[in-house]
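Structure record follows, encoded as structure tokens.
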Amino acid sequence: HVYGGHSDIRFNLFAYNRAEGADAHGLNGMGGAVHLSAPSGTFSNNTVVQNSSGRECGGGGVSVDSGDNGADWIVEKNIIAWNGQRGVICSGLAGPSIIRNNLIFGNNVSDRNCTLVSSRTLATFENNVEADPMFCDPGGGDFHVARASPALAGHEPWGMYTEAGCQIVPIVPSTWSAIKARFHRAE
């Protein structure tokens, strides 16, 4: 939970977190990975995967809460994927928050939910893309991206990562006899 003052949150991995119960501000299970309720800040170049919220509409990935005073958040160049209860959710009364240039994919319920409340826009969505981030081995906890990932630099406007993290596996020429021989030795 980020509350009070200006905050810059960059280059982090938020994985396998769950928000439950009420906090000191009475918020129940908002933002499985992170709940942004400070007056202003930047949340960028983060990877937010496989988090969940205790609430169906609580933002399993990122929750941007403007509260009564409004918030001025910039949420950009993040990968927000495979989170429960929505990838990004906005709540509160107002705030000129901007959600832009994010790769948002495969989140449960929906990828985002930032609607109108009291005739004021909660957030502006700009240039976000829904595409598989192509992690190297998400099942094994490796959230580096493959060479063909849309999250790599050069795939503007996103470019969350500057280089691929998956190792190239060399192909070694072999014969069927050699393969059988290796198999029999293993037994």
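Note that the coordinates shown come from a computational prediction; the quantities given were computed from them, not determined experimentally.
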Heavy-atom pair of closest approach, residues [X] and [Y]:
X      : Y      : value
Arg10  : Thr42  : NH2-CG2, 3.6 Å
Val145 : Ala151 : CG1-CB, 4.4 Å
Arg18  : Ser52  : NH1-OG, 2.9 Å
Ser149 : Pro133 : OG-O, 2.5 Å

Checklist outcome for this item: Distance col, row Asp8:CG vs Ser40:OG, nearest 0.5 angstrom, shows 8.5 Å
Can you find a pair of side-chain heavy atoms, one from [X] and one from [Y], that are under 4.5 Å apart?
X      : Y      : answer
Asp142 : Phe135 : no
Phe105 : Pro150 : no
Leu103 : Ile80  : no
Ile99  : Trp73  : no
Glu76  : Ile98  : no
Leu36  : Ile9   : yes

Is the backbone N or O of [Y] less than 3.5 Å from a side-chain atom of [X], with the two atoms forming a donor-acceptor pair by type?
X      : Y     : value
Asn83  : Val48 : yes
Asn102 : Ile79 : no
Ser7   : Gly41 : no

Next on the checklist: Assigning hydrophobic clusters by single linkage (Ile, Leu, Val, Met, Phe, Trp, Tyr; side-chain heavy-atom cutoff under 4.5 Å), is Leu13 placed with Met134?
Outcome noted: no
Item to check | Single-linkage hydrophobic cluster Val129~Ile74, side-chain heavy atoms < 4.5 angstrom | outcome: no
List the residues meeting side-chain hydrogen bond (donor to acceptor under 3.5 Å, both in side chains) with [X], not counting sequence neighbours, and say none if there are none.
X      : result
Asn12  : Asn46
Thr47  : Tyr161
Asp132 : none

Next on the checklist: Working note: Asn45 + Lys77, criterion side-chain contact (heavy atoms from CB on, under 4.5 Å); need CA distance, chi angles, decisive distance, verdict.
Outcome noted: CA-CA 5 Å; Asn45 297 91; Lys77 294 191 174 190; 4.0 Å; yes
Checklist entry - Mind checking whether Phe14 and Phe143 have ring centres under 6.0 Å apart? => result no
